[in-house]
K.L.:
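This is the structure, below, for whatever I ask next.
Start at 1 and go down the list; that is how both ligands and their atoms are numbered. By convention here, the first residue in the shown sequence is residue 1.
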Amino acid sequence: MNGKISKKAVFSLLKNGEKISGEALAKQLGVSRQALHKQVQKLRGLGYDIPGMPKSGYFLKGRTELLLPEEFLPGLKTRKFGKNYVYLDLTDSTQNRAKELAEKGAPEGTLVLAEKQSAGRGRLGRRWVSPPGGLWASLILRPRVHPQAVPFLSLVASMAVHDAIRDAAGISCTLKWPNDVWVLSKSRSSSSQEPAFYRKAAGILLEMSAESEKVHWVVLGFGIDVNNTIPKNLSSLAISLKEASGSSLSRQWLLSLVLKNLETFYGKFLQGQISLLKLGYKKRSLFIGRDVALSVSGGRIHGKFLDIDLDGALILQKPDRRLKKVLAGEILSPDS
Ligand code: BTN
């Protein structure tokens, strides 16, 4: 008996849900019953419901909601994405961890996920509130494309997240250029005359390291408000999937769908199927063909959201009918 034991080993023996005596379990693991009890306590701390004591025996009654590798990886149906999985309870931003790993040569498809972020980042230098219950993750990519082609990847990612939310939560979603996913939310009270409207449930943040012709790495971050609570000051703009669909959602299921979709769309991106992807994006976008107000670095502009360019830019038709290409900015509202 060397007394060394891991939570994973205890978990693998409890997984079949049958009751097993502390003595038998300790024997199989080659540890003392005290050491075993300590690890069982740790698993309980992670949210596993394990009734029992060393004398009477243990069994696994309820699984945890956490995205622990042993919970998440068995259900993951991708070839590469997420297979190298870095799981953290708390970090400042998964973007920072993923960037460090990318610099050290971590392979394409490495996923960094945190249950909570203390300094989550959004687009345009904004803060991204990341309490427990959401999905906060960053994926390392190493596309062999020209750096100028990379921004289109954020549109690709938003489609992957859009489809995963639609399929996992069964709610109507739309894309808001460039890469926000909005979901249909009902009016706040059933008696209210307030119409249904869309609110943001997910966003994408893309960061890259490149030289003139070569991409070293891309870190694709996605944040989805799943079962978490939205702070009051943001509740007119943002909504969790739990609130939008009326029930909690399995984050494990949603994450595996996101990664599966991402891998498929990314494959098409690498094959150069940009026109097809662009068409797919436009089909999912509520704002296309509508008059919009845009906030850009030089202020506010208006026009008709005519098309998406092959680099992901928005093509706006201004009131004087001239076309303007917008590479970065935000749709403030549909004008009509
Ligand atoms: C946005 O819509 O502004 C983009 C939000 C991106 C948030 C995610 S959460 C995981 C990853 N880590 C971060 O700090 N940001 C991204």
K.L.:
From the options E207, R121, R123, R127, select the one whose nearest heavy atom is closest to atom 3 (O) of ligand 1.
P.N.:
R123

K.L.:
Going by the atom numbers of ligand 1, which of them fall below 4.0 Å from some non-hydrogen atom of Q95?
P.N.:
11 (C), 12 (N), 13 (C), 14 (O), 15 (N)

K.L.:
Examine the proximity of ligand 1 to R126 and report which part, side chain or backbone, both or neither, has a heavy atom under 4.0 Å away.
P.N.:
neither

K.L.:
Which value, rounded to the nearest 0.5 Å, describes the distance between R127 atom CZ and R121 atom CZ?
P.N.:
13.5 Å

K.L.:
Out of all atoms in ligand 1, which are within 4.0 Å of some heavy atom of T94? Include the element for each.
P.N.:
10 (C), 11 (C), 12 (N)

K.L.:
Ring centres of Y87 and F72 under 6.0 Å apart?
P.N.:
no

K.L.:
Tell me which part of I204 gets within contact of ligand 1: side chain, backbone, both or neither, using heavy atoms under 4.0 Å.
P.N.:
backbone

K.L.:
With a cut-off of 4.0 Å, which atoms of ligand 1 are near a heavy atom of D180?
P.N.:
2 (O)

K.L.:
Please list the nearest protein heavy atom to atom 2 (O) of ligand 1 with its residue and the distance rounded to 0.1 Å.
P.N.:
K200 NZ, 2.6 Å

K.L.:
Working to the nearest 0.5 Å, report the span between CD of Q117 and OG1 of T91.
P.N.:
7.5 Å

K.L.:
Between W182 and F197, does the ring centroid distance fall short of 6.0 Å?
P.N.:
no

K.L.:
With atoms numbered from 1 as shown, which atoms in ligand 1 lie under 4.0 angstrom from a non-hydrogen atom of S138?
P.N.:
11 (C)

K.L.:
Does ligand 1 have an atom that lies less than 4.0 angstrom from a heavy atom of A137?
P.N.:
yes

K.L.:
By number and element, which atoms of ligand 1 are closer than 4.0 Å to a non-hydrogen atom of S93?
P.N.:
12 (N), 13 (C), 14 (O)

K.L.:
Counting only N and O atoms by type, is there a donor-acceptor contact under 3.5 Å from the side chain of E330 to the main-chain atoms of L294?
P.N.:
no

K.L.:
Look at atom 5 (C) of ligand 1 and say which protein heavy atom is nearest, naming residue and atom and giving the distance to 0.1 Å.
P.N.:
W128 CE3, 3.3 Å

K.L.:
Taking heavy atoms and a distance under 4.0 Å, where does A202 meet ligand 1: side chain, backbone, both or neither?
P.N.:
neither

K.L.:
Which of the atoms of ligand 1 are close to G120, meaning less than 4.0 Å from one of its heavy atoms?
P.N.:
14 (O)

K.L.:
Does the N228 side chain pair with the main chain of V226, one donor and one acceptor, at a distance under 3.5 Å?
P.N.:
yes

K.L.:
Write out the residue and atom name of the closest protein heavy atom to atom 12 (N) of ligand 1, then the distance separating them to 0.1 Å.
P.N.:
Q117 OE1, 2.9 Å

K.L.:
With a 3.5 Å distance limit and no angle check, can you tell me whether Q95 reaches the backbone of S138 through a side-chain donor-acceptor pair?
P.N.:
no

K.L.:
Whether the side chain of K200 engages the backbone of I239 through a donor-acceptor N/O pair (distance < 3.5 Å, no angle test) should be reported.
P.N.:
no

K.L.:
Ion pair present between K214 and E211, side-chain N to carboxylate O less than 4.0 angstrom?
P.N.:
no

